[in-house]
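Accompanying notes for the structure given below.
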Amino acid sequence: MTANLNGAKVAFLVAPDGIEQVELTEPWKAVEQAGGRPELVSIQPGSVQGRNHLEKADTFTVDKVVTEVSPDDYDGLVLPGGVANPDALRQVPNAVRFTGEFFAKQKPVAAICHAPWLLAEADVVRGRRLTSYPSLRTDLRNAGADWVDEEVVVDSGLVTSRNPNDLPAFCAKVVEEVAEGRHRAQARSA
């Protein structure tokens with residue numbers, strides 16, 4: 001049975017381009033189906049470009065710009081992957097700050113595929129057990145993470161997965177962790 005999010009608001013933080021579309025749309029649907037309210041946050045207004053690997057896919061309308069929002073506005077954060085998406089976000093101080101503040105406020109964060117790059121930039125992976133796309137293994141270990149090769153890893157409110165094949169497990173844990181609410185241990189890496 002799926003947890004009920006009872007209207008919980010979940011931010012999906014993305015760059016203007018390079019988002020692995022299925023890593024945005026599947027968790028989004030899971031949040032909606034569980035009674036949550038997803039909101040698309042980006043670094044600029046307008047629309048963002050989804051990708052099926054490197055090929056252009058659909059565009060999505062941005063709900064809010066990262067400079068207009070705070071983690072106080074949300075019950076959780078989802079970071080979709082795609083190689084270019086988190087690489088662009090980790091170069092934007094407001095995106096890095098926004099991400100890091102979810103940890104300080106003990107709120108659930110979920111990152112899939114290449115998205116943990118942004119977590120490393122926010123310096124919130126030290127001492128945390130997580131997974132990612134395999135090519136990030138060394139980067140995450142160098143940032144202090146305990147990197148493992150597993151379908152989905154949950155560490156006190158932090159949910160990570162490796163790639164689109166892991167989406168069923170990832171989506172279930174995203175909903176579960178947001179439904180549980182704050183996780184005091186999240187703040188230990190903030």
Side-chain angles (χ1 to χ4, degrees), residues 1-5 8-15 18-41 48 50-53 57-58 60 71 74-87 89-90 95 98-99 102-103 106-120 122 124-125 128-137 139-140 143 145-183 185-186 189:
M1 182 172 158
T2 303
N4 187 336
L5 295 182
K9 198 168 169 187
V10 180
F12 283 70
L13 178 61
V14 297
I19 307 142
E20 186 65 38
Q21 181 162 310
V22 71
E23 294 174 358
L24 169 64
T25 58
E26 290 303 304
W28 186 283
K29 282 191 271 186
V31 166
E32 284 185 324
Q33 290 170 354
R37 296 178 298 140
E39 192 165 87
L40 192 60
V41 178
V48 296
R51 298 271 175 174
N52 292 326
H53 302 294
D58 299 323
F60 302 88
Y74 301 99
D75 299 293
L77 173 65
V78 175
L79 303 170
V83 177
N85 176 45
D87 193 46
L89 289 174
R90 68 187 179 145
F98 182 69
T99 301
F102 273 85
F103 288 82
Q106 306 171 355
K107 294 186 176 188
V109 175
I112 188 168
C113 201
H114 288 78
W117 257 342
L118 181 56
L119 301 178
V124 293
V125 300
R128 303 300 293 266
R129 187 172 183 269
L130 56 86
T131 194
S132 68
Y133 195 76
S135 65
L136 274 65
R137 173 182 52 238
D139 294 341
L140 293 169
D146 175 14
W147 188 91
V148 296
D149 183 13
E150 295 178 12
E151 177 182 52
V152 65
V153 176
V154 179
D155 181 340
S156 300
L158 173 60
V159 179
T160 53
S161 283
R162 303 168 299 191
N163 59 54
N165 294 333
D166 299 338
L167 278 165
F170 180 76
C171 291
K173 288 298 183 183
V174 166
V175 169
E176 181 181 320
E177 294 303 300
V178 172
E180 288 177 2
R182 293 184 188 263
H183 295 75
Q186 272 290 65
S189 61

Out of curiosity, Arg182 CZ to Glu177 CD, how far, rounded to the nearest 0.5 Å?
14.5 Å
Count the heavy atoms belonging to other residues, nucleotides or ligands that lie under 6.0 Å from CZ of Phe60, then report whether that count exceeds 12.
yes
Identify whether the distance between the nearest side-chain nitrogen and carboxylate oxygen of Arg129 and Asp155 falls below 4.0 Å.
no
Residue of the set Val159, Val10, Val78, Leu77 for which side chain to side chain contact (heavy atoms under 4.5 Å, CB included) holds with Val178:
Val10
Mind checking whether Asp87 and Arg90 have side chains closer than 4.5 Å, heavy atoms only?
yes
Ignoring hydrogens and geometry, is there a side-chain-to-backbone donor-acceptor pair from Ser132 to His114 under 3.5 Å?
no
What distance do His53 atom NE2 and Arg51 atom CZ have between them, rounded to the nearest 0.5 Å?
12.5 Å
Using side-chain heavy atoms (C-beta onward) and a distance below 4.5 Å, is Leu158 in contact with Leu119?
yes
Expected output: side-chain Glu151 to main-chain Asp166 donor-acceptor under 3.5 Å:
no
From Ile112 atom CD1 to Thr160 atom OG1, the distance as rounded to the nearest 0.5 Å:
9.5 Å
Any heavy-atom pair between the side chains of Pro108 and His183 that's under 4.5 Å?
yes
For the backbone of Val154 and the side chain of Lys173, can you confirm whether one donor and one acceptor N or O come within less than 3.5 Å of each other?
no
Main-chain N/O of Lys9 paired with Glu39 side-chain donor or acceptor, under 3.5 Å:
no
Glu32 and Lys29 ion-paired at < 4.0 Å:
no
Any side-chain heavy atom of Tyr133 within less than 4.5 Å of one from Val83?
no
Ala185 backbone acceptor or donor facing Gln106 side chain under 3.5 Å:
no
Please find the pair of heavy atoms, one from Leu89 and one from Ala95, that lie closest to each other, and give the distance.
O-CB, 3.6 Å
With a 4.5 Å limit on heavy-atom distance, are the side chains of Val31 and Trp28 in contact?
no
Which atom of Asp149 lies closest to which atom of Thr131, heavy atoms considered:
CA-OG1, 4.0 Å
